[in-house]
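One structure is given below, encoded as structure tokens.
Remember, predicted model here, so these are calculated numbers, not experimental data. Only heavy atoms go into these numbers, but all of them, side chains included; no hydrogens, no water, no symmetry mates.
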Amino acid sequence: MNTVNAGSQLSGDVLVEIRSSSSVSVRVISPLGDQAERLIRELVNETLTQRGIDNVRIKILDNAASEWAVRARLATAFRRWREQGGSS
């Protein structure tokens, strides 16, 4: 399966990339340091739990995005992933 994306690398936004995998792997890159990375990981884990997903590789390139932007990009990326045949 190809990688699906949501968002951009523009200032104040976040780019979320998702692809199918045999397990969960999350990589977060943020210029804001550990605190931003922890918050983004919490949002990712919350989303994975709510959707019952345990088979994705996620890469997040944060550029000082707000929490609502991260949530919106995650929702869009997961919707696109499912539309392309990803499963939970």
Just verifying a value: how many Å separate Gln84 CD and Ile18 CD1, rounded to the nearest 0.5 Å? 11.0 Å
Are any side-chain N or O atoms of Asn55 and backbone N or O atoms of Ser20, one a donor and one an acceptor, separated by less than 3.5 Å? no
Mind listing the closest non-hydrogen atom pair of Ala36 and Ser30 along with its distance? CB-OG, 3.6 Å
Nearest heavy atoms of Gly7 and Arg73, plus distance in Å: CA-NE, 3.3 Å
Are Val70 and Leu39 close enough, and set up right, to give a side-chain contact (heavy atoms from CB on, under 4.5 Å), and what steps lead you there? CA-CA 10 Å; Val70 175; Leu39 173 62; over 6 Å; no
Above 12 or not: heavy atoms from other molecules or residues under 6.0 Å from CD of Glu83? yes
If hydrophobic clusters are built by linking Ile, Leu, Val, Met, Phe, Trp and Tyr wherever their side-chain heavy atoms come under 4.5 Å apart, do Val24 and Ile29 end up in the same one? no
Would you indicate whether Arg79, at its atom CZ, is surrounded by more than 12 heavy atoms from other residues, nucleotides or ligands within a distance under 6.0 Å? yes
Which heavy-atom pair separates Val14 from Asp62 by the least distance, and what is that distance? CG2-CA, 3.8 Å
Same cluster or not: are Leu61 and Leu43 linked, directly or through other Ile, Leu, Val, Met, Phe, Trp or Tyr residues, by side-chain heavy atoms under 4.5 angstrom apart? no
Output the distance between atom CD1 (Ile40) and atom CZ (Arg27), rounded to the nearest 0.5 Å. 13.0 Å
Minimum heavy-atom separation for Val16 to Ala77, with atom names? CG1-CB, 3.7 Å
On a heavy-atom basis, which atom in Val56 and which in Ser21 lie closest, and how many Å separate them? C-CB, 3.8 Å
Report yes or no: does Arg80 contribute a side-chain atom to a donor-acceptor pair with the main-chain N or O of Asn5 at less than 3.5 Å? yes
Carboxylate-amine/guanidinium contact Glu37 Arg41, below 4.0 Å: yes
Go through the steps to decide whether Leu74 and Ile60 satisfy the test side-chain contact (heavy atoms from CB on, under 4.5 Å), and finish with yes or no. CA-CA 9 Å; Leu74 283 168; Ile60 298 182; 4.2 Å; yes
Taking every non-hydrogen atom, the tightest pair across Arg51 and Phe78: NH1-CB, 3.9 Å
Gln50 atom CD, neighbour heavy-atom count above 12 within 6.0 Å: yes
Set out, in order, the CA-CA distance, both residues' side-chain angles and the distance that settles side-chain contact (heavy atoms from CB on, under 4.5 Å) for Asn63 and Asp13, then state yes or no. CA-CA 6 Å; Asn63 202 3; Asp13 203 356; 5.8 Å; no
Would you check, one step at a time, whether the test side-chain contact (heavy atoms from CB on, under 4.5 Å) holds for Leu15 with Lys59? CA-CA 8 Å; Leu15 178 64; Lys59 180 178 176 184; over 6 Å; no
So do the side chains of Ile58 and Leu48 get within less than 4.5 Å of each other, counting heavy atoms only? yes
